[in-house]
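Read the structure below first, then the notes.
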Amino acid sequence: MGEGKMDKPLTKNIRPDRAFATLADYESTGGYQGLRTAITQLQPKEVQQWVKDAGLRGRGGAGFGTGLKWSMVPMETPQTRYMIANADEMEPGTFKDRMLMEQDPHQLIEGLIIAAYAIQAPIAYIFLRGEYHVARQRLEHALLEARFKGYLGEHILNSDFNVNIILHTGAGRYICGEETAMLNALEGKRATPRAKPPFPLVSGLWGKPTVVNNVETLCNVPHILHYGVTWYQGLGRGADKGSKLFGVSGRVNYPGLWELPLGIPIREIFENYAGGMRDGYKLRGFLPGGASTDFLLPEHLDVIMDYEAVAKAGSRLGTGMLIVLDDRTCPVKMVLNLEQFFAQESCGWCTPCRDGLPWTITLLKDIIAGKGRREDLDTLSGLTRMLGPGNTFCALAPGAMEPLQSALKYFRDDFERYIVDKSVLKESV
Amino acid sequence: MVRIEIDGHAYTVPDGGNLLAACLSLGLDLPYFCWHPALGSAGACRQCAIIQYKDAQDKRGKLVMACMTPVADAMRISLDAEQARQFRRDNIELLMTNHPHDCPVCEEGGECHLQDMTVMTGHGYRRYRGLKRTHHNQNLGPFIKHEMNRCIACYRCLRFYDDYAGGKDLQVLGMHNNVYFGRFEDGALENEFSGNLVEVCPTGVFTDKTFSAHYARKWDLQSAPSLCVHCGLGCNTAPGERYGQLRRIINRYHSEVNGYFLCDRGRFGYGFVNSPERIRKPKLKGYPDMTADTAESYFRNLLKTAKPAIGIGSPRASLEANFALRSLVGEENFFLGLDDTEQVLLNTIVELMRNGGIHSPSLREVEQADAVLILGENLTHSAPRLALSVRQAARRAAFELAATLHVLPWQDAAVRNVAGQAVTPVFIASVAATRLDDVATNTYRGSPEDIARLGFAIAHRLDPSAPAPAALGDAEQALASTIADRLKQAKRPLIVSGTACVNLAVIQAAYNVAKALPSTDKQLTFTVPECNSLGLAMIGGQSLAQAFERVGNGLTETVVILENDLYRRAPTRNVDLFLQLADHVVVLDSLNNKTTEHAELLLPTSTFAEAEGTLVNNEGRAQRYFPIYPETDAVRGAWQWLTRMIDNPPWRHHDALTAACAHALPELGAIVRAGPTADYTVKGSKIPRQPHRYSGRTALYADIAVSEAGQPEDKETPFAFSMEGDTAQVPPALLPVLWAPGWNSNQAVNKFNREAGEQSGARLIEAAGTLPWFSDIPTEFTPTPGRWRIMPLPHIFGTEELSLHSPPLLERAPPFCVLLSPLDAENLGVHNGDAVEIGSLAGTLIMKIPLRLEPSLPFGLLGITSGWPAFQSLKAGSQVTLKKPSQEGSL
Amino acid sequence: MKKPFFTGLSAAEIEEINAEIEHYPDKAAVAIEALKIVQKYRRWISDDSLIALAELLDIAPAQLEAVATFYNLIYRQPVGKTVIHYCNSVTCWMLGSDQVSEHLCRHLKIELGETSADGKYTVLPSVCLGACDHAPVLMVEDQLLLDVNEKTINGIFER
Ligand SMILES: Cc1cc2nc3c(=O)[nH]c(=O)nc-3n(C[C@H](O)[C@H](O)[C@H](O)COP(=O)(O)O)c2cc1C
Ligand code: SF4
Ligand code: FES
């Protein structure tokens, strides 16, 4: 195990040639040691406590404390409990979980087994989006290896803990990533979300207590168990603990993905890692954490990537994957593209989302086609409030409104140009 | 009860409910779509938004969905806050982006929940300029019209049809704003409760096709509280009339009986009222045209014969009509007019209800049962609405498990999510597969004897002092033990049986099981075939066989038959003989049938739609129905014809007749409380049958006469054939049309829920006493080679007499065929669809008919649709031979 | 209308589906998986396959249709031998996915969503394929193509 890699626990096995770490590779850098610690030295409650103390927060977007989530699972009931890895990564602009699964599949598997141990779940699922074929093959392979080596299955590491992991591949729908919709998808139903309460922690898959965690979240877990809480807390630079995968896509010099400490300034990611804008392009703004986060502007580059700091700047850390808007891309059209995605992926259950998103598209298209009216911008603003948090059945629609509401704020001129001075109509994208 | 504050006013509301239900029952206007009192909350439509405040200091509050928010003590909410109002207005605007605004041509117009809510929220101006999505509509069969473009995707149809009624063929298809509620392909909706979609859908996606065929706006329909006459359960209905025609039937909420839902027979079986087969004038053989007066004097003369006339009553006539006949001919000359076997069964049921000591539950109570045993019934066909209630009982364990997770019963999806782990024991022992098998934990198939034996075995296992069947098979013994053990653990076990098997031992076995159960909250219910079967049995009288004997022995000259087609009750030969031997046959009926053909004097009587009366349902609840519109031509209530035959009748009005009946038969004493008397007024006036927006009254019959005829007077009931009168103070149970300001749709019922919950009708029998064990245990059924036993199987669309006159219903009738087990067919060398010859034991050919294989049917039985006219010659339990028709067509 | 020829399911399909059923508490739960299995063998789900599958799973065709029409990757219409998904989500769109799809369609002489006349290719849009750092991207059957340009596209058809 190379000590130098200690600040990049998640990606230490990830190689530039995109080959994947076999079990032997994985073990050679301390793999399955965390599992050993958990199972042979700790009680499930203690594992929960370690993860809580480490300060790990969910990487799936909402940032909920992982240890806290686990500790809310009723452990005294005789019911089966389920552990699920959310590997449905479908948020536009997000490509982190795919890399983790394709290149170091055992990391997820170990994390999942430890999580299952922490909540005493005999069955764990990996809900993998159907389009991730390479990840599927590699996970299948790694699962066989782990089973063969006694990390998975019955009497894990000679303990009396048993867990079976089922790799489930989806049939394509963004909403499947929403944890309650995912439960319905796993049950073979239409993936419409479920009402909360009751939370899946109490009544989830088949009505039984269920925890859903993001792939990246789970990948942190083995290291917390292996290297300890104090070490883990040392990884973050700001208020939040640990390292995180950050990525950048768009017209930058080096689009890509890097493991960096939480709390790193956005500028550092953008300039040092992504290499700034390509020649001839200027930065107009960016979505800091995937398609369902608010735009930020160049003036926000010094904001640090930390849940609260990004929130204070008016957006969300989300998935930590930046989507860059350059000065030659029309923000109105970019928003239209985003809303088309959300409208298409709306599950059709609740009114504001099902009927509101198509209306935003009609309006945006009208505007872009030069048929917009001034009051359309008020209608759009009204829709962003209407489809805001708490108003819809799940968080899809509020997420969809984040880029729109911030675009209306920051790029209002671009909208108005279409409506008032139609010269823009002659320009291309 | 908890105290909550709504817009600054304090209210007390029941604990455990949600805010939407609470607000509505307080009479407050809060729009909603996806919620339904019986289906619970879904949170999908987002229409019921309100503001909830943390505490008195909190002035901003938070937007929440009322239907998803449990009521809690000291809660502070606002319906009026501008933020909430705007959200609700905007939400409707979104729903409307795809709505076609075709109200003028939409059957829902004027009673449309979407219209009401749109007006209520104040959305009146369209900002949306885009295209509207359009859908293809499906042909959903004879009952329901489909117009998907009107859909607002509230999911209520699905939640009723699928989740509540167990239908499988209507689903939500597609995604995002392209969701489609329909079938896999065109075709009749399969579920027997599909008609409720008409009322459950808040707009005009699912409308009543039979109503469309002779449509009138809701506000132009005249109505009165009424009852369904198509089975023994007594569901409450609100029929609608225009131009002297019955236009439709909708549900009338009754908290104890049918709740919010009817079955399709009850809703679409009304065609008989308008049928060309209706008898409108008195007829004397040989004298086609006869006035009512002449008919009366003729009738009077026939009663003056030397030998006393006899009267034959009817299970589809009211208590009062039967009692009037009994009074006319005298108790000793009154016969019930039932099939002889059926009379024994009904008498037994009445005896068990009277003295068996076990509670007979209402349908609402059925839904609370936590374990169910059904002996010998395919409920969906013999007592449809009861099947829907048992289906709800099957969810009891899910509700209980949910409660341990602090999930409230109205949190619908959450309750369903735990349902897989919570199994309510439902055991079904029946002759063939039933429509409730999907919720059954165990099913058993056997002949009626075998079903009875299983029942006796269960009782014995529960209580060793109950007699045990001899030589029971191991499998049956094991099943009996399983069932007994599960029933024993139940707090509110329910035993269901009835007359469908045409077998006394089945009924007795059901009683033994119920008696043997340890629970004090146990319930026992029996299905009965017709709307007043139980009432007639309670009046009591001699059997049809005895009536035949009277005539056969020459002891009577005149026979008066009240609303009864005797050919449905006894073998054709016997009835033929009886009607020939009688010197004079007077028949009172509303529709032509085989018996009316033999009448010397035929008197036209009104149907339920034009008369009043009291019926007793299977629960033992007496309920009153009132005329929807006045009789026309020479049609009269049967009781009126009969009363006029009595010299100095002790009653002149229907109320007095009811009272006389109650007085003469003390067990029926409470029927006087089953409904209001004619002198009941509200603020000095009668209750209007017509909505206050009833239109065109002066022009209604302008093609006949330009001067407006005065409104017919109704001396018999507290209702007026008019729109005048104040309805605000009328108890909801008596309101012909539920309406509240702003609530033109049937959802107005939710504004009355508290009061409409008040029971109407009167229970006549309460559990008392106990009876000894029945010990007449049949031996197991062993088929005789070469012989088959006739096994009538009820069918929702094929069995009941009156509904067979409804053409849309006939389209859904079972195919004309007999059912045979595949093994029997194989032995005979016949296949599905082949014709077979049914012969008597003597070898004479009875009929040639196609065959359908029914894998669930035990061998040795030949299944026929009970009540189907073509099968009148095949009596339950009789034996026949079966033959493959010879190749050459040997005739 | 006459019922089309009823195809039923093959032994291999049934075996694979039955193996999946073992993982679930009830047959209906395997619906999505089963649709994917049948699609693997037949490329798409015809009405007949759907009816046959519903029968195998003991559910009504409408119940299976409700599931089938919810998901993107279940095809209820015939597709070509090779399905080309091009990503049209935000980063790919910025970096030229419209040109990619136009090029594909022009080359195959089809409209988006159609199958080429020779039955070989179908072009469908896809949501973000999770490779935005290499936008624009395509997925040709199971294989991801990164940093796509006209040359790479033409390469698909030369294979
Ligand atoms: C519309 C929608 C899509 C989502 N998609 C994903 C996803 O693809 N992957 C993911 O991990 N979480 C996704 N989430 C978040 C999950 O619901 C859930 O919060 C997360 O999996 C919890 O894991 P964590 O606590 O480890 O972050 C999505 C949420 C919403 C509302
Ligand atoms: S916001 Fe509503 S319609 Fe949109 S995905 Fe969530 S539940 Fe479905
Ligand atoms: S009635 Fe409350 S959300 Fe539909």
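To find a chain, count down the sequence lines: A is the first, B the second, and so on, and within it residues start at 1. All of these numbers come straight from a predicted model, not from anything done at the bench.
A salt bridge does not link B:D55 with B:R76: none of the charged nitrogens is closer than 4.0 Å to a carboxylate oxygen. For A:K409 and A:D294, the salt-bridge test fails: no basic side-chain N is under 4.0 Å from an acidic carboxylate O. Using a cut-off of 4.0 Å between Lys/Arg side-chain N and Asp/Glu carboxylate O, A:E178 and A:R173 are scored as not salt-bridged.
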### Task
Might you work through the salt bridge (Lys or Arg N to Asp or Glu O under 4.0 Å) test for B:E400 and B:R396, ending with a clear yes or no?
CA-CA 6 Å; B:E400 279 163 21; B:R396 199 46 36 210; 5.3 Å; no
### Query
Could you go step by step and tell me if B:Q747 and B:Y32 meet the side chain to side chain donor-acceptor pair (under 3.5 Å) rule?
CA-CA 10 Å; B:Q747 303 294 311; B:Y32 63 88; 2.9 Å; yes
### Query
After noting the C-alpha distance and the side-chain angles of B:R395 and B:D412, does the key distance pass the salt bridge (Lys or Arg N to Asp or Glu O under 4.0 Å) rule?
CA-CA 11 Å; B:R395 298 185 58 212; B:D412 186 51; 3.8 Å; yes
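In this structure B:A414 satisfies the side chain to side chain contact (heavy atoms under 4.5 Å, CB included) test together with A:P198, B:V407, B:Q411, sequence neighbours excluded. Every side chain to side chain donor-acceptor pair (under 3.5 Å) that A:R129 has, sequence neighbours left out, goes to A:E131.
Among the candidates B:C34, B:A402, B:G174, B:G420, the residue making the largest number of heavy-atom pairs closer than 4.5 Å to chain A is B:G174. Chosen from B:Q47, B:H176, B:K62, B:E93, the residue pairing most often with chain A at heavy-atom distances under 4.5 Å is B:H176. The candidate with the highest count of non-hydrogen atom pairs below 4.5 Å against chain A, out of B:A153, B:A413, B:A422, B:S41, is B:A153. If you tally non-hydrogen atom pairs under 4.5 Å between each of B:V418, B:N177, B:V179, B:T97 and chain A, the highest count goes to B:N177. Looking only at heavy-atom pairs under 4.5 Å with chain B, the residue among A:D376, A:L383, A:V202, A:L357 that has the most is A:D376.
Listed here is the closest heavy atom pair of A:F393 and B:M68: CE1-CE, 4.3 Å. Closest non-hydrogen pair, B:W410 versus B:T69, comes out as CH2-C, 4.0 Å. Scanning both residues, A:T180 and A:P200, for their nearest heavy atoms gives CG2-CG, 3.9 Å.
Proximity to chain A involves both the backbone and the side chain of B:A42, based on heavy atoms less than 4.5 angstrom apart. At a 4.5 Å heavy-atom cutoff, B:L408 makes no contact with chain A through either its backbone or its side chain. For A:P358, the part lying near chain B is the side chain, with the backbone staying farther off; criterion is any non-hydrogen pair under 4.5 Å. No part of A:L183 comes within reach of chain B, as not one of its non-hydrogen atoms sits under 4.5 angstrom from that chain. A:T192 does not touch chain B: none of its heavy atoms, backbone or side chain, sits under 4.5 Å away. For a residue to count as touching a neighbouring chain, one of its non-hydrogen atoms must lie under 4.5 Å from one of that chain's; by this rule A:T351 touches chain B with backbone and side chain alike. In this structure, the portion of B:I152 lying under 4.5 Å from any heavy atom of chain A is its backbone and not its side chain. If you measure heavy-atom distances from B:V172 to chain A, the contacts under 4.5 Å come from both the backbone and the side chain. For B:A49, no part lies under 4.5 angstrom from a heavy atom of chain A. Both the backbone and the side chain of B:D90 come within contact range of chain A, with heavy atoms under 4.5 Å apart. Contacts between A:W206 and chain B at a heavy-atom distance below 4.5 Å involve the backbone alone (N, CA, C, O). With a threshold of 4.5 angstrom between heavy atoms, A:E375 does not approach chain B through any atom at all. In this structure, the portions of A:K208 lying under 4.5 Å from any heavy atom of chain B include both its backbone and its side chain. Interface remark: A:R373 contributes backbone and side-chain atoms alike to the contact with chain B (heavy atom separation under 4.5 Å).
Of all residues spanning residues 122-134 of chain B, those with a heavy atom less than 4.5 Å away from chain A's heavy atoms are B:R127, B:Y128, B:R129, B:G130, arranged by number. Contacts from residues 396-405 of chain A to chain B, taken as heavy-atom pairs separated by less than 4.5 Å, involve no residues at all.
Between the OH atom in B:Y161 and the NZ atom in B:K168 there is a gap of 9.5 Å [rounded to 0.5 Å].
The aromatic rings of B:H113 and B:F33 sit perpendicular to each other, their planes meeting at more than 60°, with 30° as the lower class boundary.
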